Structures are given as structure tokens and as C-alpha cells.
Peer 1: 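I am attaching a structure below and will ask some questions about it afterwards.
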Amino acid sequence: MKTLSTTILVLAFTISAMAQSRPSDRLFEKMALKPGITMMSFSKEMLDAVDMTFDNDDGEEENKVTGDLHEMKVVIYNAPEDKEPIDFRGETLRYLPLSKFKDIDSDEYDIDNDGTVDIRVHKSGRKIKECHILFQGETNGVLLSFFGNFKVEDIEDMAEKMDGYK
């Protein structure tokens, strides 16, 4: 009887832990092991200290990330010279499946996209829980991931502004 109680407790804890994990957690676990990957994570406290307003080219305030932003992760891939480069875009999108993430269509949001930017979001109702913006160069790439309970006003302008930083 004690073994059955222990088994049920372990099973309940496992299910609880799985329910609390984010859909993209596996992406960061796998990418951390690959050569050429640099990862940075910014906590809520750090993000609160940074103004998340993006200005347009004229210096006017244009876009804001609003709501409760919990964390931001940056993954930078710089293909190592001594190893075969990975398919950064393919590897990243493999862990952001369309069954869990909505692909933001660049035409729908009028994003000037030459095929080098992918945006995937995980939503709960009208709030975004995860937003992943992937930039792919010839061999190198950058993934910006935002986590929380927020909405992004004018997502196309934000993506275009971020594209200018790559």
C-alpha cells in the first residue's frame, strides 16, 4: 500500500511539473548543447529596468511591449569554423511546432520579410504567453524569445525594428 501511495505521489508530481513547463523549454535545453550557440536570459527584474519601447527611425515612440513580461531569452548562433554548421532555422522551428504555436504570417501583418524572419507565438486567449522572433542569415542566426502574459501592439513594426538590429 505504501508503494502504491508513493507511486501515485510521484506520478502526480510529474504531471504537475509537466503542466507548468513552457512549450518551448525543450528548445532551449537542446540548443544549449550545440556548438556555436550563445544563450542569454533576462529575468523580470532586469526587464523592468529596461524600457521596452521601440522608436521609429524618426526617434518617435512607436511600439511597446505591454503587460506582464516575465523573461526574455536570446539565442545567438555563430557557425563554428571547425565544425559543420547546423540548420539553425530548421532546428529552432522543429521545437516550435505549429500544433502549439501560431506562425505570424508576414503578409498578414505587412512585415517586410525576405524570408529571413520567422515569428511564432503561443497564446492563451488574447494574451501572448510566448513570442519567438527568429532571424536567419546565411549561416548565423538569432532567436529572441519573450515570455509572460502580454500583448504586442503593432507586431509588424516591432519585427521590422528588430530586423534592423541583426
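Keep in mind that the numbers below use all heavy atoms, side chains included, and drop hydrogens, waters and symmetry copies. What you are looking at is a predicted structure, and each value in this text was computed from that prediction instead of being measured.
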Peer 1: So, for Pro85 and Ala79, which heavy atoms are closest and what is the spacing to 0.1 Å?
Peer 2: CB-CB, 3.9 Å
Peer 1: side-chain contact (heavy atoms from CB on, under 4.5 Å), that's the test. Do Gln136 and Val117 meet it? Break it down for me.
Peer 2: CA-CA 7 Å; Gln136 178 66 50; Val117 179; over 6 Å; no
Peer 1: Would you mind listing the cluster partners of Phe88? Hydrophobic ones only (ILVMFWY), side-chain contacts under 4.5 Å, chaining allowed.
Peer 2: Leu27, Phe28, Met31, Ile37, Met39, Val75, Tyr77, Ile86, Leu93, Tyr95, Leu96, Phe101, Leu134, Leu143, Phe147
Peer 1: Give, for atom NE2 of His70 and atom OG of Ser43, the distance between the pair rounded to the nearest 0.5 Å.
Peer 2: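 The NE2 atom of His70 sits 12.0 Å away from the OG atom of Ser43.
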Peer 1: How long is the span from the NZ atom in Lys102 to the NZ atom in Lys123, to the nearest 0.5 Å?
Peer 2: 5.5 Å
Peer 1: Partners of Lys73 by salt bridge (Lys or Arg N to Asp or Glu O under 4.0 Å), sequence neighbours excluded?
Peer 2: Glu71
Peer 1: So do Arg89 and Asp118 actually touch side chain to side chain, heavy atoms under 4.5 Å?
Peer 2: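 Yes, close enough: below the 4.5 Å cut-off.
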Peer 1: Atom OG in Ser24, atom NZ in Lys129: separation rounded to 0.5 Å?
Peer 2: 13.5 Å
Peer 1: Does Lys34 have any salt bridge (Lys or Arg N to Asp or Glu O under 4.0 Å) partners at least two apart in sequence or in another chain, and if so, which?
Peer 2: Glu91
Peer 1: Please identify each residue that fulfils side-chain contact (heavy atoms from CB on, under 4.5 Å) with Leu33, with sequence neighbours left out.
Peer 2: none
Peer 1: Are Glu130 and Val121 packed together at the side-chain level, in the sense that at least one heavy-atom pair is separated by less than 4.5 angstrom?
Peer 2: no
Peer 1: Hey, what do you get for CE (Met72) to CE (Met40), rounding to the nearest 0.5 Å?
Peer 2: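 CE of Met40 is found 8.0 Å from CE of Met72.
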Peer 1: Quick one: SG on Cys131 to CD1 on Ile104, what's the gap to the nearest 0.5 Å?
Peer 2: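 Output value for this atom pair is 7.0 Å.
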Peer 1: Do any pairs count as a salt bridge (charged side-chain N to carboxylate O under 4.0 Å, His left out) and have a residue in residues 132-145, sequence neighbours left out, and if so which ones?
Peer 2: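 Non-adjacent pairs meeting salt bridge (charged side-chain N to carboxylate O under 4.0 Å, His left out): zero.
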Peer 1: If we only count heavy atoms from C-beta on, is the Ile133 to Phe146 side-chain gap below 4.5 Å?
Peer 2: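 The answer is yes, as the side chains (C-beta and beyond) meet within the 4.5 Å cut-off.
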Peer 1: List the residues meeting side-chain contact (heavy atoms from CB on, under 4.5 Å) with Asn78, not counting sequence neighbours, and say none if there are none.
Peer 2: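 Counting only residues at least two positions away or on another chain, Asn78 forms a side-chain contact (heavy atoms from CB on, under 4.5 Å) with Asn140.
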